[in-house]
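For reference, the structure discussed in these notes is given below.
Whatever order the structure lists them in is the order used to number ligands and atoms, beginning at 1. Every heavy atom of this structure was used, including side-chain atoms; hydrogens, water molecules and symmetry mates were not.
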Amino acid sequence: MDKAANESFVTYELDGDVALIGLNRPAKRNAISDVFVEAIADAVQRAEGEAKAGVIYGHGDHFCAGLDLAEHVKKTPIEGVRGSRRWHAVFGTIEHGAIPWVAALHGAVVGGGLELASSTHIRVADKTAFFALPEGQRVIFVGGGGSVRAARLMGVARMTDMMLTGRVASAEEGERWNLCQYIVEPGEAKAKALELARNAAGNAELSNYAVLHALPRIQDMAKEDGLFVESLMASFTATSPEAEERLRAFLEKRAKRLNIPKKD
Ligand code: 1HE
């Protein structure tokens, strides 16, 4: 892949320990083409090498309108399945990679855009965000991991409803359905996502690794297997030299206390 050809589809910045990847095809509502998905892959790989957490956001009025339908219309079945598998690989590096990712959502979070957001670890939506899976209307199926990731977030009943009826969920509904964990005022999603990413970047790398890699696997395990793996991970993290230093910092009152929510 010619790197110069795909660089303009994303912007990339490093803010301290946090990498910011901006989806940058606003004229096409950040619809993801084959070259665009490679640009995301390159940016994610770069972030893994130099950042401790990342934010993915969209330039323009929308996060992402999903698959590039103009490009897709010309594809053969084998090109389609290969394209889908490539999305799986790239979004898999986000979900199961080295650093936590926060998605900052606004406007359309649609089709493959929702699949991309679902591969991140935390989703922040501003009040302009809306969620839809219009694949049924386009005679396609989800192909970027939505049937696995988005279905696990919102549940298969809600996802079936969205896909069969074309239902568009507001930011507030999205929060109730677990598609996003935070709602902020219009225009504030990126700043909030950066704040959350900075918090995650400040965690011990080992703990973040356990959250990213053990937690989702445990969800897919039988209960007793999950509990067993939890004990292994708990011991593995808590007996590390880094844990000893952080535990001592707490006991010696050198560590920040929790922000206790204020009561009215
Ligand atoms: C696109 C795409 C796209 C916009 N592929 N070109 N996704 C969808 O079915 C969503 C389709 N898009 C929309 O419903 C609307 O564009 C939006 C609600 C997101 C935004 O509306 P609006 O009025 O701001 O923009 P627009 O006028 O509809 O679009 C502006 C341009 O972006 C226009 O191109 P132009 O050359 O005529 O200016 C659109 O054609 C173009 N555009 N969305 C290509 N998606 C791995 S499988 C995943 C499967 C899916 O993702 S299915 C869901 C696909």
Side-chain angles (χ1 to χ4, degrees), residues 6 8-10 21-41 43-44 56-96 103-120 123 125-154 156 158-171 173-174 177 179-180 186-187 189:
N6 68 34
S8 63
F9 283 99
V10 301
I21 297 179
L23 308 176
N24 192 28
R25 199 190 181 197
K28 298 288 182 188
R29 307 314 184 242
N30 295 328
I32 301 177
S33 59
D34 289 348
V35 179
F36 195 162
V37 88
E38 297 309 327
I40 296 172
V44 167
I56 301 181
Y57 67 98
H59 290 282
D61 293 336
H62 301 276
F63 175 70
C64 174
L67 178 70
D68 184 332
L69 297 170
E71 186 176 74
H72 197 73
V73 85
K74 300 174 211 123
K75 287 202 166 158
T76 63
I78 191 68
E79 287 169 343
V81 77
R82 284 189 180 133
S84 166
R85 295 300 289 156
R86 184 64 190 141
W87 282 47
H88 290 166
V90 174
F91 292 4
T93 63
I94 296 171
E95 185 183 22
H96 298 299
L105 308 174
H106 74 297
V109 185
V110 170
L114 177 53
E115 296 181 297
L116 171 58
S118 300
S119 71
T120 66
R123 284 154 294 276
D126 85 11
K127 287 180 178 168
T128 69
F130 58 92
F131 302 91
L133 291 169
E135 281 83 349
Q137 297 158 49
R138 319 268 182 245
V139 199
I140 42 182
F141 189 60
V142 281
S147 62
V148 173
R149 295 193 189 95
R152 272 175 173 69
L153 289 176
M154 71 178 121
V156 78
R158 285 203 169 104
M159 180 148 168
T160 304
D161 176 20
M162 285 179 93
M163 292 194 73
L164 288 181
T165 67
R167 184 170 178 177
V168 178
S170 65
E173 284 170 320
W177 298 2
L179 292 175
C180 57

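- A donor-acceptor pair under 3.5 Å is formed between the side chain of Glu173 and the backbone N or O of Ser170.
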Check the pair His72 / Lys75 against side chain to side chain contact (heavy atoms under 4.5 Å, CB included), numbers first and verdict last. CA-CA 5 Å; His72 197 73; Lys75 287 202 166 158; 4.0 Å; yes
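- Of the protein's non-hydrogen atoms, the one nearest atom 50 (C) of ligand 1 is Glu135 OE2, 3.3 Å.
- Between the side chain of Arg123 and the main chain of Ala103, no donor-acceptor pair closer than 3.5 Å is present.
- For atom 45 (N) of ligand 1, the closest heavy atom belonging to the protein is Leu67 O, 2.9 Å.
- One option in Ala65, Gly111, Gly66 has a heavy atom closer to atom 7 (N) of ligand 1 than any other, and that option is Ala65.
- Of the listed options Gly166, Gly136, Pro134, Pro134 places a heavy atom closest to atom 53 (C) of ligand 1.
- Protein heavy atom at the shortest distance from atom 9 (O) of ligand 1 is Arg138 NE, 2.6 Å.
- Summary of contacts: the protein heavy atom closest to atom 30 (C) of ligand 1 is Arg29 CZ, 3.4 Å.
- Near Ile140, meaning under 4.0 Å from one of its heavy atoms, ligand 1 places the atoms 52 (S).
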Throw together a table of side-chain donor-acceptor distances under 3.5 angstrom for residues 107-114, partners on residues two or more places apart or in other chains.
none

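- Counting heavy atoms from C-beta on, the side chains of Met163 and Val142 come closer than 4.5 Å.
- Using a 4.5 Å cut-off on side-chain heavy atoms (C-beta onward), Phe36 and Val10 make contact.
- Per-atom contact check: atom 17 (C) of ligand 1 does not touch the protein, criterion being a heavy-atom distance below 4.0 Å.
- Within a 4.0 Å radius of atom 23 (O) of ligand 1, the protein contributes no heavy atom.
- Asp126 places no side-chain N or O within 3.5 Å of a backbone atom of Ala189 that could act as its donor or acceptor partner.
- The closest approach between His72 and ligand 1 stays at or above 4.0 Å for every heavy atom of the residue.
- Given atom 47 (S) of ligand 1, the protein heavy atom at minimum distance is Gly143 N, 3.3 Å.
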What's the verdict on side chain to side chain contact (heavy atoms under 4.5 Å, CB included) for Phe141 and Ser84, showing C-alpha distance, side-chain angles and the deciding distance? CA-CA 10 Å; Phe141 189 60; Ser84 166; over 6 Å; no
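- The salt bridge (Lys or Arg N to Asp or Glu O under 4.0 Å) with Asp68 is formed by just one residue from the set Lys28, Arg138, Arg25; it is Arg25.
- With hydrogens left out, the protein atom closest to atom 51 (O) of ligand 1 is Gly112 N, 2.7 Å, a heavy atom.
- Of the polar atoms of Ala70, none of the N or O atoms is found under 3.5 Å from an N or O of ligand 1, judged by distance alone.
- Between Phe131 and Met154, every side-chain heavy-atom pair lies at or beyond the 4.5 Å cut-off.
- For ligand 1 and Ala108, the ligand atoms under 4.0 Å from any heavy atom of the residue are 19 (C).
- Proximity of atom 33 (C) of ligand 1 to the protein is not indicated, since no non-hydrogen protein atom lies closer than 4.0 angstrom.
- In this structure, atom 37 (O) of ligand 1 has no protein heavy-atom contact shorter than 4.0 Å.
- Contact annotation: the side chain of Thr128 never approaches that of Asp61 to less than 4.5 Å [non-hydrogen atoms, C-beta and beyond].
- Numbered from 1 in the order shown, with element, the atoms of ligand 1 that lie under 4.0 Å from a heavy atom of Ala27 read 30 (C), 31 (C), 32 (O).
- Glu115 OE1, 3.3 Å is the protein heavy atom nearest to atom 48 (C) of ligand 1.
- At least one side-chain heavy atom of Phe63 sits under 4.5 Å from a side-chain heavy atom of Leu23.
- Looking only at protein heavy atoms, the nearest one to atom 42 (N) of ligand 1 is Lys28 O, 3.8 Å.
- Residue Ser84 places no heavy atom under 4.0 Å from ligand 1.
- Residue-ligand proximity, Ala31 to ligand 1, at heavy-atom distances under 4.0 Å covers atoms 2 (C), 3 (C), 5 (N), 44 (C), 45 (N).
- Under the rule for a salt bridge (charged side-chain N to carboxylate O under 4.0 Å, His left out), Glu79 has no partner lying at least two apart in sequence or in another chain.
- Residue contacts with ligand 1, taken as heavy atom pairs separated by less than 4.0 Å, involve His62 solely via side-chain atoms from C-beta onward.
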